[in-house]
Amino acid sequence: MSTFTILYFAACSSYTSRLYEALPAPLPISKLYSVLEEKYAGITEKVLGSCLVTVNLEYVDITGGDGHDMIQGEVVIQPGDEVAIIPPVSSG
Amino acid sequence: MASDNANLTELATVNNFLTSGTRPAFGIPKPIITVGLTTSPLSITTVLENVKDPGAGAIVFFAGTTRDNFDNRPVSHLTYSAYPPLTLRTMSSIAASMVEKHKLTAISLIHRLGEVPIGEESILVAVAAPHRKAAWRAGEECLEVVKEKVEIWKKEEFADGEGVWRENRAGFVAEEGVVPGDLPKAPATDTTS
């Protein structure tokens, strides 16, 4: 099965109890949060709501995050892509 | 806790020193921009040497050090994690925008990762410009933008064993995997104004 890699940082890695994992690809970006919610109940409200998402190091717009119909022209995560959930930062 | 072990695994991939600049060889001009992430104690001398130049009459240097408390609650140590490829890219992009906006001759920006004992430096910033005013302004602005945008996460480990992921915006506390989700995202800083 084709997969992409998803990375979790900070509060997000605490919630999932892992730093990364492989998920099935392709996946429209608007379905990402519902896939994660299915695996980690409550994560959308407690973590993802304040996070940003990158695909291959570029920030992407998460629209239609309710898992409904695919939006025309939206990003589709491909096999081999590296996706990251970016919580609010705290450097310095 | 599982995520503590996970953070160590993550750091193993960061290794000792990642930088977009290169150590200047004799006779070759220094790079204008040096950014780095390291798990070792930070070297103030290195950061200053990175920006020193006969054409620069002013260097402003900033060191961020780890505090022993948060709101009077004792902190035993801090742990920083990052997403190195993205973190370094963001640091380079901020450095480049500071060079352009403030006409800097050089800028060096280094952040420490992993466990940082109390009282040690977690971030060093040095900026050099022909005159002091531009250097002061760039130094302050650089820090603000870095704290807002750079993909680095700080975990405060309290003396009682609890760990808290800190958020730079509005002094939020994200208790063990719980982040306030009902708050607006921080507005993007306009680095061109």
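Throughout, a chain's letter reflects where its sequence line sits, starting with A, and its residues are numbered from 1.
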Residues that Leu124(B) engages under side-chain contact (heavy atoms from CB on, under 4.5 Å), provided they are two or more places apart
Leu42(B), Ile44(B), Val47(B), Phe61(B), Ala63(B), Glu121(B)
For Ser93(B), the side-chain contact (heavy atoms from CB on, under 4.5 Å) test, sequence neighbours excluded, returns none
More than 12 foreign heavy atoms under 6.0 Å from CD of Glu100(B): is that the case here?
no
CA sep, side-chain torsions, deciding dist, call: Leu7(A), Val83(A), side-chain contact (heavy atoms from CB on, under 4.5 Å):
CA-CA 6 Å; Leu7(A) 310 177; Val83(A) 175; over 6 Å; no
Would you confirm whether the ring centroid of Phe9(A) sits within less than 6.0 angstrom of the ring centroid of Tyr83(B)?
yes
For the side chain of Glu82(A) and the backbone of Asn56(A), is there at least one donor-acceptor N/O pair under 3.5 Å apart?
no
Contacts of residues 127-136 of chain B with chain A (heavy atom under 4.5 Å)
none
Would you mind listing every ring-ring contact (aromatic ring centres under 6.0 Å, His included) that reaches into residues 93-119 of chain B, with sequence neighbours excluded?
Tyr80(B)-His111(B)
Rounded to the nearest 0.5 Å, how far apart are CD1 of Ile107(B) and CE of Met91(B)?
9.5 Å
Answer with side chain, backbone, both or neither: which region of Thr16(A) has an atom nearer than 4.5 Å to a non-hydrogen atom of chain B?
neither
Which answer fits Tyr40(A), side chain, backbone, both or neither, if we ask what part of it has an atom under 4.5 Å from a heavy atom of chain B?
neither
Among Ile43(A), Val89(A), Ile86(A), which has the most heavy-atom pairs under 4.5 Å with chain B?
Val89(A)
Side chain, backbone, both or neither: which part of Ile152(B) has a heavy atom under 4.5 Å from chain A?
both
